[in-house]
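The structure that follows is given in the form of structure tokens.
These figures come from a predicted structure and were not determined experimentally. Chain letters run A, B, ... following the sequence lines, proteins first and then strands; every chain starts at 1. Every heavy atom of this structure was used, including side-chain atoms; hydrogens, water molecules and symmetry mates were not.
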Amino acid sequence: MKVLHKFLLLILFFLIGTAVKLYPAEMPGKLTISGAIKDKKNGESLIGATVFVKELKTGTTSNLYGFYSISLQEGKYTIAYSYMGYFTVEQTITLTSNKTVNIDLEPKLEVLNEVVVTGQRKTENVSANEMSVVKMDIKTIRKIPSLMGEVDVIKAIQLLPGVQATSEGSSGFSVRGGSPDQNLILLDEATVYNASHLMGFFSVFNNDAIKDVKLYKGDIPPSAGGRLSSLLDVRMKDGNSKKRTGTGGIGTISSRLTLEGPLAKGKMSYVVSGRRTYADLFLRLSNKKELRDNTLYFYDLNTKVNYQIDENNRIFVSGYFGRDVFKNSDFQMAWGNTTTTLRWNHLFSKQLFSNFTLIRSKFDYSLGIPEGQAESFNWTSNLEDYSANADFGFYPNTTNTVKFGISSTYHKFVPGTAKGLGDNSFFTEYSVPNNNVLEHAVYASNEQQIGAIITVKYGLRYSLFQNIGSGILYNFDKEFNSIDSTVYSKGVIFNTFSGIEPRIGVTYSINEYSSVKANYSRTKQYIHLASNSTSGTPLDIWFPSSPNVKPQLADQFALGYFRNFNNNTIETSVEGYFKKNHNAIDFKDHAELLLNKKLEGELRFGTAESYGVEFFFKYQKDKLNGWVSYTLSKSTRKIEDINEGKRYPSSYDKPHNISVVLNYEYTKRISAGMNWVFASGSPVTFPTGRAIIGNKIVPVYSDRNAYRMPAYHRMDVSVTIKDKERSDRKWNGEWNFSVYNAYGRKNAWVINFVEDQDNPNTIYAEKTYLFSIVPSITYNFNF
Amino acid sequence: MKLLKYFSILILFMLFLASCTEKININLDDSYTRLVVDGAITSDTAVHKVILSTTTSFYYNQAAPGVTGALVTINDGFQTITLHESNESPGTYLTDSNTFGIEGRIYSLQIDLPAPINGFSQYKASCELKPVAKLDSIGLHYLDTWEFWEIQCYALDPPAKNFYLFKNYVNGKLVSDTISELIVTDDRMFNGNYTNGVAAGYLSMKKEDEAIKSGDTVKLQISGITEEYARFIWSVQTESGYKNPLFSGPPANVKGNISNGAVGFFTAYSANYATVVAKY
């Protein structure tokens, strides 16, 4: 194993070495066309725009910063630049020397009968050498009816095949049977540890500030790692570099305002976006005293500035600050994420693009009882990351795209400190020791076209994880009883894990309209979430691997068939996957996860497996567009000590899952949206007997997750009516009326067995449902 | 951590602004029958009880069937007491009224059944009788918002790791008479401290037996219990209480201390008391 490790590492360094050696000596006889692809109206970089050389029937796509580079022999070429929802631009270029060609694409705004799509190379989904990946632009997301009119990125991706909400209204999601903590959620490259507001009913992403969302359900690029199941890559807008504009909305529970515009003669642009809820104002109207005196709100603030220093250098500074606050005279609680990203795009040459990033990310929460009482206390917990990344894209010719880079992150975990407040409090201080961890990675990959019909990509990621002092390591015996502890002083590296993560993919084009794709990826996860909640709470405790906790590891195989019909207005795909997770982590029965110094003793380990088939059907034409997806899947776990060591369905095992999303543009001003979701009931453990102890009925349970909740289904509808367009004013508004759970299905959120107050010894089943019909009105505007 | 429960209740209040409940039909299978033991010996001089019953189907909707005719003994390392079965309630086995447990001793229960349950006729359990701090005094404090009285406790927590059980009496009658009403805590957050009147019990004005009037005598019992018993009560409270996907972990069987797969617990604990007369 060791030898293999070293061998693979060698290959990795060889790959990087080759790529670097090729620079700056550019390929002989090759000339490069490069540049940036932007939106003509607001100057936003377009991610993943297609550059297609008609003569050679080959091309490339713009990267995450809108940059593209393509190297060709001397000659005359017709190049088509296209992007979904934009007019295609064709340029004839006579190539005699390296050329910079910056392209501004014009969006197709409200052009009826031609809404959405056509731009992007029509067969993108068939030809692109990636699978298990879904890209959603914010325009599509805005058209989906939502809870209380709050357009939500995470709720939108939960409608995709292979993705499930963890419970009603939750921002937690499970990808292909994985746990919610196996999703890497990045906002401008910074990790967002808890993407939930208000117990998960809303996500932290304010749609006005977001440009582009991409979800990798597998086939995660080697540049990303540290999570097993998925990568959700959320990119903030750069800010309008052409003119000052504003967008906003007044909704049922929150209001939003975004301002953006150019600075320094268009070399610089900014965006500032804020959102705040006012749910607590409604509480004041309540006739219940215990509700009236509560404060409950959340806010988000997104900011970003970018500066184009010159043709070869651009810097971006972006930040996110969000917080939830819940307070009354007896109790307070607050939590939130903060991320800051500093990026520098630099062109070493026309063929070598680089991005250097510094990131800080923090998640923290606190709760307590205010000073003055015997029980007064304050409890805080946080997690902080500092990362430095260097990422390179090398475009030597039309058949190869090389990416490589290195990243390092320092994680600091402060799992929890609780202490008494004031003189009256009888509490002393109790704190769980901090953890310090370093996580590094070096990676390289190449995407290579072999002939006209086969594209392959192969990459390696080598990850290295280190526990460093100061810290306390509790040692446990085989029965998970704590024996003793070891104290490590500051800076001492007391444990190291490392591993190679190969990522391989191949696309075989059968013809212009269909292809077969296959993929294998290995992912490793070194930090984990201690939570046995199925719906997510803010009381998250992340903990690192250690001598007691091996890194989680997953191997995923996927095979897919992609086919377009009817002049590409219908896109279909079928993907099958099999995923095996080693060192899967679960928690013993009645585990104590909060404020527990010996948390590692509560963990149990085993394996998890999931497999399934995902069917996707997307229709985009004229007035009607939308998609239907169906997923058939199975997800199981086998963990020592849990369920007597027998395999059991995971909490996210919902065999049948259907989503239907439709949007109909009735007229220029009126459009309607509908979505319908169906999912098999979540697995649940129910009693199969009872004992009476201390005058109370105590359940005796079935095997873990041997039963299922009733099936979940729900329909949401919305209608959007735009103001009449008037050329004499800049202000444009639209009204959005939406109904969540339109037919009032009482979906069970939880099932409890309740003792009948009037008949002793009698017990009945009772379901709790969160929402019946929830109507809402939102007014959105831009100026 | 009782406090966790406190805030989860508050959060749930917020959630339940929008939520509703409804009875539904859930068909459940039946599992095999197990012996259920619910027994205790305390430092009080009194009749101590061991109740033997069996598990039933979940919707049985009657009192659990008692297990009669068993030989039930308790040994403390010095002597063996044989319990006699009550005539009034079959399945309940009693000591003589002059029996008391002694701090520091380990109490072992042995049950010999006339006929095997789940393949076993002999069951055993043991528990140490832990000492407990004296209560200096108790007080009463009314919480308007929640309409209940807090019983404030004044005592010094000894430096060792302790687990406490509290029970409430009104006019001499035990009102924390179901296991879900017991208050159990560890001293992790206040080890070695004076308790300064922290709430150790609650009397709800909404419950008939707890709604105290001026002049009523309120008594608080403080007991030292083993960690194993504390965890047992916590898990019984979790499993018999209201569950929600936010804070409740996956359901799991409660882990008792009876051998051979029986359900339940045989406990031994000390008890001290303090009283206060309600005046308002």
Practice prompt. Could you pull out all residues at least two apart from E239(B) that satisfy salt bridge (Lys or Arg N to Asp or Glu O under 4.0 Å)?
Written response: K243(B)

Discussion item. Quiz question: by atom type and distance under 3.5 Å, do the side chains of T685(A) and Y648(A) form a donor-acceptor pair?
Written reply: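 T685(A) vs Y648(A): no donor-acceptor pair found between side chains.
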
Fill in: I751(A), part contacting chain B, at a heavy-atom distance under 4.5 Å
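Side chain only.
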
Fill in: N191(B), part contacting chain A, at a heavy-atom distance under 4.5 Å
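Just its backbone gets close to chain A.
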
Item to complete: Heavy-atom distances under 4.5 Å only: say whether F587(A) touches chain B with side chain, backbone, both or neither.
Response: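 Neither; nothing under 4.5 Å.
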
Item to complete: Count the heavy atoms belonging to other residues, nucleotides or ligands that lie under 6.0 Å from CD of E429(A), then report whether that count exceeds 12.
Response: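 It does: E429(A) CD has more than 12 such atoms within range.
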
Worksheet, complete the sentence: Under 4.5 Å to a heavy atom of chain A? For N61(B) that would be both

Worksheet item: Given a strict heavy-atom distance threshold of 4.5 Å, which part of Y194(B) is in contact with chain A: side chain, backbone, both, or neither?
Response: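 The answer is the backbone of Y194(B).
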
Fill in: Interface moiety of N196(B) toward chain A, non-hydrogen atoms closer than 4.5 Å
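Both parts, backbone and side chain.
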
Practice prompt. Any salt bridge (Lys or Arg N to Asp or Glu O under 4.0 Å) involving residues 687-698 of chain A? Give me the pairs, sequence neighbours left out, ordered by first then second residue.
Written response: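 Of all non-adjacent pairs touching residues 687-698 of chain A, those that pass salt bridge (Lys or Arg N to Asp or Glu O under 4.0 Å) are K696(A)-E755(A).
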
Worksheet item: Relative to the ring of F771(A), is the ring of Y740(A) parallel (under 30°), tilted (30 to 60°) or perpendicular (over 60°)?
Response: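 Geometry flag for F771(A) against Y740(A): perpendicular rings.
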
Item to complete: Examine whether an atom of S425(A) lies under 4.5 Å from a heavy atom of chain B, and if so say whether it belongs to the side chain, the backbone or both; otherwise answer neither.
Response: backbone

Discussion item. Taking side chain as everything from C-beta outward and backbone as N, CA, C, O, which of these in A199(B) sits under 4.5 Å from a heavy atom of chain A? Side chain, backbone, both or neither.
Written reply: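 Both backbone and side chain.
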
Worksheet entry | E147(B) versus chain A, the contacting section by heavy-atom distance below 4.5 Å |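 When you check distances to chain A, no heavy atom of E147(B) falls under 4.5 Å.
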
Fill in: T195(B) portion near chain A, given a 4.5 angstrom heavy-atom threshold
both

